[in-house]
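Whatever order the structure lists them in is the order used to number ligands and atoms, beginning at 1.
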Amino acid sequence: MAEVSLTQVEKFYGTVQAVRSVSMDIADGEFVALVGPSGCGKSTLLRMIAGLETITGGDLSIGGQRVNEVPAKGRDIAMVFQNYALYPHMTVAQNMAFSLKIKGLSRADIDARVRQAAAIVGLDDYLTRLPRELSGGQRQRVAMGRAIVRDPAVFLFDEPLSNLDAKLRVQMRSEVKALHQRLATTTIYVTHDQIEAMTMADRIVVMNGGRIEQMGAPLALYDRPESLFVAGFIGSPAMNLLPGAIRDGRFVSDRGLALPVPPSAARDRPGVTYGIRPEDLSLVSHGVAAQVALVEPMGADTQVRLDAGGETLSAVLRDRVADHPGQPVQIGVPTGRVHLFDTESGRRLE
Ligand code: ADP
Ligand code: MG
């Protein structure tokens with residue numbers, strides 16, 4: 001087990017800067033998710049931690065030791081990739097045993113560790129199968145088992161569930177989380193899927209353009225995004241974001257929709273973007289006038305697209321909606337749930 005600490009870590013590929021001055025401290029046993037759009041530098045950062053990529057600038061330490069120059073095999077980490085990279089001609093047991101054999105462990109030791117890891121990932125009955133005789137989820141479990149047998153100080157995952165279908169992804173998500181709760185090994189998990197990050201991690205690091213946008217507990221990011229980028233990235237469906245200004249104690253969007261703001265933010269101010277999450281809107285008897293544009297029943301709740309004063313708002317309602325397109329409604333906007341951002345810098349106001 002080990003803590004991982006990055007101080008102003010940078011990565012250049014030639015003149016392309018993939019990672020820009022990233023600093024973070026990951027505690028021993030913590031589960032941290034690195035999340036962000038494709039190309040934002042997640043894999044590069046993870047590969048530098050793994051020792052698969054050189055570090056251009058800054059310091060990386062694992063377990064209190066600076067390891068910038070330590071090769072991958074000296075770092076006591078295990079990595080699980082998206083394409084599990086199993087050896088096709090080896091059985092499940094042989095795949096899991098491979099790294100231990102190279103390490104020179106005894107036959108008995110290897111057998112014991114493989115059996116234990118197989119039990120943890122639920123593959124006890126599949127030890128003699130070949131990868132091609134397994135489902136996608138089972139193959140991903142072999143890849144995890146192969147990491148577990150090594151009993152590393154740190155687990156690194158790079159989008160391990162991306163190749164699985166939606167249902168299996170949700171199931172494996174719970175399995176990885178349960179695995180972490182059981183082993184309590186420091187884990188850094190890369191994903192572009194914010195829901196995966198929200199549901200699994202102790203802490204989320206949101207990356208954008210090689211930089212950290214915000215780092216915090218999942219619900220802290222959800223409740224108080226520090227930038228427009230994080231506001232739009234965390235939460236599904238995405239937060240409604242409307243550019244406009246604060247005038248005469250209200251927000252007025254560029255297209256003319258007036259919305260309430262908290263009293264503390266009522267001072268006139270140009271260049272403000274207004275944010276409200278779909279799930280914070282409701283239908284009320286006296287509120288903001290709107291028309292129903294589209295109703296999507298999801299079973300547990302209903303997603304509704306609303307036209308309000310020239311703007312489109314999405315709402316997620318707990319109640320079933322009998323309304324049809326064109327129907328006039330009133331929307332309740334709780335000012336305590338409103339997020340305000342400076343449009344130009346993208347920073348949160350207050
Ligand atoms: P992510 O994993 O978040 O999708 P990556 O870390 O793979 O992003 O890539 C970050 C940036 O670095 C991208 O602009 C990508 O094109 C660039 N990049 C990644 N690997 C290489 C490489 N080996 N050579 C040159 N550029 C690279
Ligand atoms: Mg990647």
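- Using a distance-only test at 3.5 Å, with no hydrogens or angles considered, no donor-acceptor pair links the side chain of Thr91 to the main chain of Thr128.
- Ligand 1 places these atoms under 4.0 Å from at least one heavy atom of Thr44: 5 (P), 6 (O), 9 (O), 10 (C).
- Summarising the geometry of Ala290 relative to Ala308, their closest heavy-atom pair is CB-CB, 3.8 Å, with the distance given to 0.1 Å.
- Taking the six-membered ring where tryptophan is involved, the planes of His180 and Phe31 are perpendicular, since the angle between them exceeds 60° and thus also 30°.
- For atom 21 (C) of ligand 1, the nearest protein heavy atom lies closer than 4.0 Å.
- Note: Tyr87 and His89 have perpendicular aromatic rings, judged against thresholds of 30 and 60 degrees for the angle between ring planes.
- In this structure a side-chain-to-backbone donor-acceptor pair under 3.5 Å is present from Arg75 to Ile49.
- At a 4.0 Å cut-off, at least one heavy atom of Gly39 sits close enough to ligand 1 to count as contact.
- Listed for the Lys11 side chain is no donor-acceptor partner under 3.5 Å among the backbone atoms of Val16.
- Of the protein's non-hydrogen atoms, Tyr13 CE2, 3.5 Å is the one closest to atom 23 (N) of ligand 1.
- For the pair Ala18 and ligand 1, the shortest N or O to N or O distance does not fall below 3.5 Å.
- Counting protein heavy atoms under 4.0 angstrom from atom 8 (O) of ligand 1 gives one or more.
- The Mg ion (ligand 2) has Ser43 among its coordinating residues (N/O/S atom, backbone or side chain, under 2.8 Å).
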